[in-house]
2 protein chains.
Amino acid sequence: MEYNLDNIYQRLHELEYKITPQRQIILKAFIDNATEHLSAEEVYNIVKERDPNIGLATVYRTLDLLAELEILQKLNFGDGKTRYEIGQRGEHHHHHLICLKCGRVEEFDHDFLESLEQAIAKKNNFTIIDHEVKFYGYCQKCSK
Amino acid sequence: MEYNLDNIYQRLHELEYKITPQRQIILKAFIDNATEHLSAEEVYNIVKERDPNIGLATVYRTLDLLAELEILQKLNFGDGKTRYEIGQRGEHHHHHLICLKCGRVEEFDHDFLESLEQAIAKKNNFTIIDHEVKFYGYCQKCSK
DNA sequence: CTTCCTGCAAAACATTTGCAGACTT
DNA sequence: AAGTCTGCAAATGTTTTGCAGGAAG
């Protein structure tokens with residue numbers, strides 16, 4: 001599934017959420033920065049250039065809404081702020097390599113978890129909806 | 001490696017950290033609640049029964065220290081507070097099943113990641129030190 | 001028009017910090 | 001005795017909330 005704007009607008013519309021200019025530019029910020037992991041403050045700064053009157057509270061409320069609709073995914077890298085990335089609904093695999101030295105976060109995809117998931121689900125009587133994998137270590141630059 | 005108190009005290013001593021009564025009762029709180037994932041506030045409440053004069057700031061400072069020494073492991077389940085568990089140094093495998101409905105966190109162990117880790121490390125030129133895996137879904141009770 | 005959404009300011013939390021006194025070693 | 005550690009209170013940083021006006025459907 002694509003994260004294109006028309007799909008998302010349609011989804012908001014179906015659920016009777018209003019498509020306000022603020023919501024539009026916040027979404028655009030994520031599409032323009034699809035590889036980033038933006039915090040509320042960072043989104044706010046990006047979005048302020050387009051609409052200097054936007055309020056930080058609106059950003060927080062919009063991020064909450066979009067995360068609830070699973071248009072965005074909440075992330076936490078232990079730096080004290082919640083971060084978000086735009087993610088494919090249904091295809092849950094957002095895995096990260098987090099550098100312990102410089103803090104850089106790389107992404108990687110891997111389909112390895114599917115079969116494991118089933119084993120874990122069975123063994124623990126747990127219905128798995130999503131998973132998250134983080135590897136902590138040192139990136140190429142910092143390994144030297 | 002065991003997380004017994006004598007080992008930990010010895011380690012603190014080697015590193016010239018003082019073994020104060022506050023640090024002792026905070027450590028004891030984790031040993032008495034080895035299966036829990038305690039937040040600072042929760043530790044504070046446990047510890048206050050033994051020493052009503054202890055300060056919350058001391059708890060925070062102690063948790064920071066113990067996490068830095070890798071005696072405790074920081075956890076984040078997206079509830080806005082950092083949580084900690086006492087963990088085996090060296091043997092990094094703290095994986096969690098997080099119920100999206102009731103919020104309960106179960107633990108599970110699995111050694112599956114070792115070989116995968118090597119593949120990822122090689123492919124991404126990343127030196128992996130630790131990993132963290134979370135499965136989100138519904139626990140047995142909430143699945144019904 | 002009706003209801004939801006926004007911006008602002010204040011409030012609410014979690015966590016950190018400065019400082020003077022107390023305690024470990 | 002020296003230096004670390006503690007408790008308190010104030011400060012900080014992030015996120016939430018109340019409210020009155022404004023905009024989307």
Side-chain angles (χ1 to χ4, degrees), chain A residues 5 8-29 37-69 71-72 74-84 103, chain B residues 5 8-29 37-69 71-72 74-84 103:
Chain A
L5 275 177
I8 296 174
Y9 289 166
Q10 192 181 331
R11 218 152 149 258
L12 289 173
H13 187 257
E14 281 166 12
L15 296 167
E16 305 198 305
Y17 289 108
K18 296 185 173 165
I19 296 168
T20 66
Q22 292 89 338
R23 285 173 180 173
Q24 293 182 42
I25 58 177
I26 289 170
L27 270 167
K28 189 167 181 327
H37 311 101
L38 301 173
S39 67
E41 193 80 34
E42 287 168 354
V43 172
Y44 179 57
N45 288 326
I46 292 170
V47 139
K48 240 189 334 194
E49 293 186 12
R50 214 168 260 259
D51 173 2
N53 293 319
I54 199 167
L56 181 55
T58 299
V59 173
Y60 274 102
R61 282 186 284 230
T62 302
L63 296 180
D64 268 6
L65 173 66
L66 296 176
E68 211 142 299
L69 300 184
I71 292 164
L72 298 180
K74 282 192 177 187
L75 303 173
N76 190 300
F77 299 132
D79 64 349
K81 19 198 138 191
T82 303
R83 296 178 170 279
Y84 297 83
Chain B
L5 275 178
I8 295 173
Y9 289 165
Q10 192 180 330
R11 227 163 138 250
L12 289 172
H13 187 257
E14 280 165 12
L15 296 167
E16 306 198 305
Y17 289 108
K18 297 188 171 161
I19 296 168
T20 65
Q22 292 89 337
R23 286 173 178 173
Q24 293 181 43
I25 58 176
I26 289 171
L27 271 166
K28 190 169 181 323
H37 311 101
L38 302 173
S39 67
E41 193 80 36
E42 287 168 353
V43 172
Y44 179 58
N45 287 327
I46 291 170
V47 141
K48 240 187 338 191
E49 294 186 12
R50 214 169 259 257
D51 173 1
N53 293 320
I54 198 166
L56 182 53
T58 299
V59 173
Y60 274 102
R61 282 187 282 232
T62 302
L63 295 179
D64 268 5
L65 173 67
L66 296 176
E68 211 143 299
L69 300 184
I71 292 164
L72 297 181
K74 280 192 179 188
L75 303 173
N76 189 300
F77 299 132
D79 64 349
K81 17 198 139 190
T82 303
R83 296 179 170 278
Y84 299 83

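Here is how names work: the chains are called A, B, and so on, in the same order as the sequence lines, proteins then strands, and each is numbered from 1.
Taking CZ of B:R61 as the reference point, atom CZ of B:R23 lies at 9.5 Å (rounded to 0.5 Å). How far OH of A:Y60 is from CD1 of A:I26: 12.0 Å, rounded to the nearest 0.5 Å. One finds the CG atom of B:L12 at 9.5 Å from the CD atom of B:Q24 (value rounded to the nearest 0.5 Å). Between the CG atom of B:L15 and the CD atom of B:Q10 there is a distance of 10.5 Å, given to the nearest 0.5 Å.
For the pair B:L65 CG and D:dC5 P, the interatomic distance rounds to 8 Å; values are reported in whole Å. The distance from atom CG of A:N53 to atom C1' of C:dT6 is 11 Å, rounded to the nearest whole Å. One can place CG of B:D51 at 14 Å from C1' of D:dC8, the figure rounded to the nearest angstrom. Put simply, CG on B:L15 is 11 Å from P on D:dC5, counting in whole angstrom units. Separating the CD atom of A:E16 from the P atom of C:dT3 is a distance of 12 Å, rounded to the nearest angstrom. Going from atom CZ of A:R23 over to atom P of D:dG22 covers 19 Å, rounded to whole Å. A:I54 has its CD1 atom 18 Å from the P atom of D:dG22, to the nearest Å. Atom CD in B:Q24 sits about 13 Å away from atom C1' in D:dC5, given to the nearest Å.
Within the structure, a side-chain polar atom (N or O) of A:Q22 is placed less than 4.0 Å from OP1 or OP2 of C:dG7.
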Under 4.0 Å protein heavy-atom contacts per nucleotide of nucleotides 15-25 of chain C, with B for base, S for backbone only and - for none: BBBB-----BS
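A donor-acceptor contact shorter than 3.5 Å is absent between the side chain of B:R11 and the backbone of B:I71.
Taking the side chain as every heavy atom from C-beta outward, A:E41 and A:L56 approach each other to under 4.5 Å.
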